[in-house]
Enquirer: 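Before we start, here is the structure in question, set down as structure tokens.
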Amino acid sequence: MNKSLKSNVYCTNLDGNWKNAVKRVLDNSNLNEKLSNDTKNSVLLKPNLVEASPPPITTSLELVKNTFFWIRENFPDKKVIIGEGCGSISYETDYVFEKLGFAKFAKENNIELIDLNYAKTIVKKIDSCTRWTEMHLPEIIYNSFLISMPVLKAHSMADVTLSMKNMLGCAPPKFYCSGSWKKSAFHNNLQEAIFELNLYRKADFIIMDASVGMSQAHLWGPTCNPPVNKIIASDDTVAIDAFATELLGKDWKKIKHIKMADKILGNAESKNIILV
């Protein structure tokens with residue numbers, strides 16, 4: 001990456017109107033340019049559906065809906081897929097899709113839903129990695145333009161769970177389940193594991209649900225008070241995670257996986273915040 005260039009993070013207030021806010025932030029971002037230049041035929045929307053709990057623990061369906069409608073309006077020839085691999089050991093991702101309304105929405109709009117926990121995988125190797133010398137990941141995440149759609153949340157183990165950690169949903173349990181959670185292998189050296197996963201595949205673009213925010217943990221505890229009331233977007237996973245960390249009142253320099261990724265996967269320090 002070019003370390004001298006600043007990365008743009010686009011930010012808008014939600015104010016209760018998902019359609020207008022999503023359109024505003026995407027119209028003013030560089031997503032149109034990136035999709036125009038991308039040669040892949042499909043766009044994979046990757047929300048955070050770690051379990052079947054409603055927002056703000058999981059990504060709002062409203063964010064996914066309105067992002068889909070924006071893509072369909074601007075790029076009608078692109079196939080849009082919604083993919084996720086939940087973390088619960090008690091049920092499958094299809095149950096989450098059904099309970100949170102994604103299955104109904106997908107059926108009404110002829111959208112393919114993919115459980116990334118069981119999608120066809122390929123093996124990638126990066127010799128410089130120490131945590132994951134090789135990774136088995138879904139082929140679809142390499143064959144599609146990948147839009148990560150995380151939620152603004154603190155995390156009880158990783159400090160924050162934002163766009164970089166949202167990629168854990170892509171890890172198939174066949175290779176990464178070693179305990180009571182479908183991605184439990186990541187708990188060993190978690191910060192390094194998140195960073196190296198993103199070396200293998202980072203999002204091409206991120207639009208984050210910062211409508212409320214989880215202030216202390218990812219599955220429990222208080223929400224941000226007052227609600228953060230924002231939708232934020234960027235093509236730089238490090239820049240958006242650094243900015244989102246600041247929205248939670250934390251210092252990104254103290255979040256190890258963001259600090260590790262700075263100037264390698266993106267720009268944490270060197271960023272423009274563009275209010276739209």
Side-chain angles (χ1 to χ4, degrees), residues 42-61 63-64 67 80-100 102-103 106 111-122 124 132 135-153 155-158 160-187 190-191 193-209 214 218-219 237 240-241 244 257 265:
S42 61
V43 178
L44 177 63
L45 304 182
K46 163 63 178 77
N48 181 337
L49 305 178
V50 61
E51 61 168 44
S53 299
I57 290 173
T58 51
T59 303
S60 172
L61 177 59
L63 180 65
V64 178
T67 301
V80 179
I81 302 163
I82 298 173
E84 172 64 313
C86 79
S88 174
I89 204 76
S90 303
Y91 46 75
E92 304 294 354
T93 310
D94 286 348
Y95 173 74
V96 184
F97 284 149
E98 185 69 36
K99 186 170 182 182
L100 297 182
F102 286 82
I111 304 169
E112 182 180 3
L113 292 177
I114 292 182
D115 184 347
L116 297 177
N117 286 339
Y118 300 102
K120 179 183 176 183
T121 60
I122 57 175
K124 297 281 188 176
W132 306 119
M135 292 206 77
H136 299 258
L137 292 168
E139 186 175 37
I140 188 68
I141 71 173
Y142 292 99
N143 294 342
S144 301
F145 185 91
L146 177 56
I147 299 181
S148 179
M149 310 185 78
V151 193
L152 179 70
K153 298 194 293 183
H155 193 273
S156 56
M157 296 175 64
V160 294
T161 173
L162 304 165
S163 70
M164 289 179 65
K165 191 174 180 301
N166 191 39
M167 292 300 293
L168 266 69
C170 300
K174 179 180 179 181
F175 301 100
Y176 302 105
C177 179
S178 59
S180 60
W181 182 60
K182 281 193 172 84
K183 324 286 179 171
S184 51
F186 280 83
H187 285 170
L190 177 58
Q191 301 283 352
I194 294 169
F195 167 62
E196 290 192 3
L197 169 59
N198 281 264
L199 284 175
Y200 280 94
R201 183 64 166 112
K202 63 177 181 176
D204 297 307
F205 192 84
I206 305 99
I207 179 166
M208 186 180 298
D209 177 358
M214 298 288 291
H218 58 299
L219 298 177
T237 191
I240 196 170
D241 279 11
H257 66 268
L265 294 174

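Excluded from the calculations below are hydrogen atoms, water molecules and symmetry mates; all remaining heavy atoms, backbone and side chain alike, are included.
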Enquirer: For residues Ser156 and His218, determine if any side-chain heavy atom of one lies less than 4.5 Å from a side-chain heavy atom of the other.
Expert: yes

Enquirer: Considering all heavy atoms of both residues, which atom of Tyr200 and which atom of Tyr142 are nearest to each other, and what is their separation?
Expert: O-OH, 3.1 Å

Enquirer: Name all residues meeting the side-chain hydrogen bond (donor to acceptor under 3.5 Å, both in side chains) criterion together with Glu98; count only those two or more places apart in sequence or in a different chain, and write none if there are none.
Expert: none

Enquirer: How would you list, by chain and number, every residue that makes a side chain to side chain contact (heavy atoms under 4.5 Å, CB included) with Phe175, sequence neighbours excluded?
Expert: Thr121, His136, Pro172

Enquirer: Who are the side-chain hydrogen bond (donor to acceptor under 3.5 Å, both in side chains) partners of Glu139, not counting sequence neighbours?
Expert: none

Enquirer: With a 4.5 Å limit on heavy-atom distance, are the side chains of Lys153 and Asn48 in contact?
Expert: yes

Enquirer: Just to verify, what does Leu168 make a side chain to side chain contact (heavy atoms under 4.5 Å, CB included) with, not counting sequence neighbours?
Expert: Lys165, Trp181, Phe186, Ile194, Leu197

Enquirer: Run the ring-centre check on Trp132 versus Tyr176 and record whether the distance is less than 6.0 Å.
Expert: yes

Enquirer: With sequence neighbours excluded, tell me which residues meet side chain to side chain contact (heavy atoms under 4.5 Å, CB included) with Thr58.
Expert: Leu49, Pro55, Leu100

Enquirer: When you compare the side chain of Ile57 with that of Val151, does any pair of heavy atoms fall below 4.5 Å?
Expert: no

Enquirer: Can you tell me how far CE of Met167 sits from CG of Leu162, rounded to the nearest 0.5 angstrom?
Expert: 14.0 Å

Enquirer: Quick one: salt bridge (Lys or Arg N to Asp or Glu O under 4.0 Å) partners of Lys183, sequence neighbours excluded?
Expert: none

Enquirer: With a 4.5 Å limit on heavy-atom distance, are the side chains of His187 and Met157 in contact?
Expert: yes

Enquirer: What I'd like to find out is whether the side chain of Ile147 reaches to under 4.5 Å of the side chain of Ile206, using heavy atoms alone.
Expert: no

Enquirer: Identify, with sequence neighbours excluded, every residue that meets side chain to side chain contact (heavy atoms under 4.5 Å, CB included) alongside Tyr91.
Expert: Glu51, Ala52, Cys86, Ser88, Tyr95, Val96

Enquirer: Where do Ile114 and Ile81 come nearest, in terms of heavy atoms and distance?
Expert: CD1-CG2, 3.6 Å

Enquirer: Only counting residues at least two apart or in another chain, list the ones meeting side-chain hydrogen bond (donor to acceptor under 3.5 Å, both in side chains) with Thr161.
Expert: none

Enquirer: For Ala119 and Pro138, which heavy atoms make the closest approach, and how far apart are they?
Expert: CB-CB, 4.1 Å

Enquirer: Residues two or more places apart in sequence or in another chain: which of them pass salt bridge (Lys or Arg N to Asp or Glu O under 4.0 Å) with Asp115?
Expert: none

Enquirer: With Lys46, which residues qualify under side-chain hydrogen bond (donor to acceptor under 3.5 Å, both in side chains), at least two apart?
Expert: Glu84, Asn166

